[in-house]
Amino acid sequence: MEFISTRGRSPAVSPSEAILNGLAPDGGLYIPVSLPKIDRSFVEELCPLGYAERAARVLSLYLTDYSYSELLEYARAAYSRFEDPENAAPTRRLSDDTYVLELYHGPTCAFKDMALTLLPHLLTAAMRKNGISDKVMILVATSGDTGKAALAGFADVPGTAITVFYPEDGVSTVQKLQMITQSGENVAVFAVKGNFDDAQNGVKRIFSDGACAERLKSKAVRLSSANSINWGRLVPQIVYYISAYCDLLNSKTAEWGTEVDFCVPTGNFGNILAAFYAKKSGLPIGRLICASNENDVLTEFLTTGRYNRLREFKKTSSPSMDILISSNVERLLAELTGHDGEAVFEMMRSLSEKGSYVVPEEVFAAMRGNFAAGSTDDAGTYQAIRDAFGLGWLSDTHTGVALKVLEDLRKREGSRRLTVVASTASPYKFAVDVNAALAGEKARRTADEGISALDRLSRDTGTVIPAPLSGLDTREKRFTVSVNPEDMLSALEGAL
Ligand SMILES: *Cc1c(COP(=O)(O)O)cnc(C)c1O
């Protein structure tokens, strides 16, 4: 299987090269030229298997220059780090027509673990396959969750190192503790004196610094990123949609062919795009419901065909979805234009020059045929958390957004279709807001209560703090250095 750029101006590459390169040379994102077919017998054969086996079989459809046994080894290594390796992404029943797919049982309690535990294996194998013996240094600027998940994924993986920069006053106490207590001989974490943009711009400067690249090359090191535009982060996410369908078949909730809707709390559009690829490959998915918080740029896009990033940025109780430019939309545009690289290029140029673009009529029609969309505010999110708790299930804020958007849609349409809601984080990662929601508050709590919020959530709900988040304050704080934005490069080189 070959991969091409969404912008159509780069040569086709193998799956391992797509993972190695991350971004295509023309600035586009890699997409498969054609998709494998998922049919009834393929899915039914997955049903009796554990998660790692399901993953290896699905991955081998999309990563044709990796062998099945290789993929199985990587998937076992990745998902052995989950709470229940056989059932790494369990599907739970909320009501007759609503299920949740729990994607947060990995080492950092957020759904990014599903891909970031596997990516280091895919990436180091891609280097071997392409004859590269350099060490890879992963460079991440983070506003919270991605940094920790990447640290946990790459920690002590041979042939790799990772450096994470986070804004000194821009992450929660829990997120900061998670990062600065990270174990591993190949990891480094720095606070940046500034906000997230300062950290992100510093990382971008390092990536575009030719002299730095030369110095690193002489030490046999190459820089890479772990962000969600890499195909190696997208493909592990296709797995769990198919796995969820197996779970519904196993529990006799669905039979083969039953159309299941998926509702996904969306930020950078990676998670929901993986569901779109599963649907395009033949999984019987009805439609994909894209749920946004008050940063509702995607709701507007999917319901009007116009993407407009020129709007006020809002800080919400679901910070991992506080995004105005959802990079993976570019892949959707490529798929819905029939891989028309010129058309995608023009839309992306309009987005960066004018801040907006409008999709052609037929693309809009295809969007409407595959997607529904909605958004909600913090009060709606809190209401959904209370309602879910009434059904016996504790939800985080991001999943709360999805649950609320789903219920609003069902009310508007006057019908209730079988739907699986992707649940993207442990409620304990956003304990301050979950506590406030359960206490009946409507407005978002902004005070950072540190780790006492976790104890309170546990006490008030009779649930257990997940192991990766318990005792965070008693662990050794390994990384306590803060740097000015202009000193990020020397911090990185010092870490080598
Ligand atoms: C990253 C993240 C999201 C958004 O996922 P995308 O793939 O960027 O759309 C939603 N919820 C949580 C908890 C996340 O960490």
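Both ligands and their constituent atoms are indexed starting at 1 by order of listing.
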Q: List every atom of ligand 1 that sits less than 4.0 Å from any heavy atom of A425, numbering the atoms from 1 in the order shown and giving each element.
A: 13 (C)

Q: Give the C-alpha distance, both sets of side-chain angles, the deciding distance and a yes or no for ring-ring contact (aromatic ring centres under 6.0 Å, His included) between W393 and Y99.
A: CA-CA 11 Å; W393 189 75; Y99 286 72; over 10 Å; no

**Q.** For F111, atoms of ligand 1 separated by under 4.0 Å from a heavy atom
**A.** 1 (C), 2 (C), 3 (C), 5 (O), 7 (O), 14 (C)

Q | Proximity to ligand 1 by part of K112, non-hydrogen separation under 4.0 Å | A | side chain

Q: Check F479 against V187 and note the closest heavy-atom contact, atom names and distance.
A: CZ-O, 3.5 Å

Q: Can you pull out the closest protein heavy atom to atom 7 (O) of ligand 1? Residue, atom name and distance to 0.1 Å, please.
A: N271 N, 2.9 Å

Q. Tell me: protein heavy atom nearest atom 6 (P) of ligand 1, and distance?
A. N268 N, 3.5 Å

Q) Okay, side chain of N268, backbone of S327: is any donor-acceptor separation there less than 3.5 Å? A) yes

Q: State yes or no: are the ring centers of F262 and Y241 separated by less than 6.0 Å?
A: yes

Q.
Once you measure the plane-to-plane angle for Y307 and Y357, does it fall in the parallel (<30°), tilted (30-60°) or perpendicular (>60°) bin?
A. parallel

Q: Flag T424 as yes when one of its N or O atoms lies below 3.5 Å from any N or O atom of ligand 1, and as no otherwise.
A: yes

(Q) Out of all atoms in ligand 1, which are within 4.0 Å of some heavy atom of G270? Include the element for each. (A) 6 (P), 7 (O), 9 (O)

Q) Are any of the heavy atoms in P265 under 4.0 Å away from ligand 1? A) yes

Q: Using distance alone, determine whether T266 and ligand 1 share an N or O pair under 3.5 Å.
A: no

Q.
If you apply the rule side chain to side chain contact (heavy atoms under 4.5 Å, CB included), what do you find for Y382 with D433, and how did you get there?
A. CA-CA 8 Å; Y382 280 16; D433 282 289; 2.4 Å; yes

Q) Side chain, backbone, both or neither: which part of D145 has a heavy atom under 4.0 Å from ligand 1? A) side chain

(Q) In terms of relative ring orientation, are F111 and Y240 parallel, tilted or perpendicular, with 30° and 60° separating the classes? (A) perpendicular

Q. Taking distance alone, with no angle check, do H398 and ligand 1 share an N/O pair under 3.5 Å?
A. no

Q: Only one of T381, D322, D378, D396 passes side chain to side chain donor-acceptor pair (under 3.5 Å) with S317; say which it is.
A: D378

Q: Output yes when the distance from some N or O of ligand 1 to some N or O of G267 is under 3.5 Å, and no in every other case.
A: yes

Q: State which residue, out of Q182, Q178, Q175, fulfils the side chain to side chain donor-acceptor pair (under 3.5 Å) condition with K148.
A: Q182

**Q.** Contact check: F269 vs ligand 1, nitrogen or oxygen atoms, below 3.5 angstrom
**A.** yes

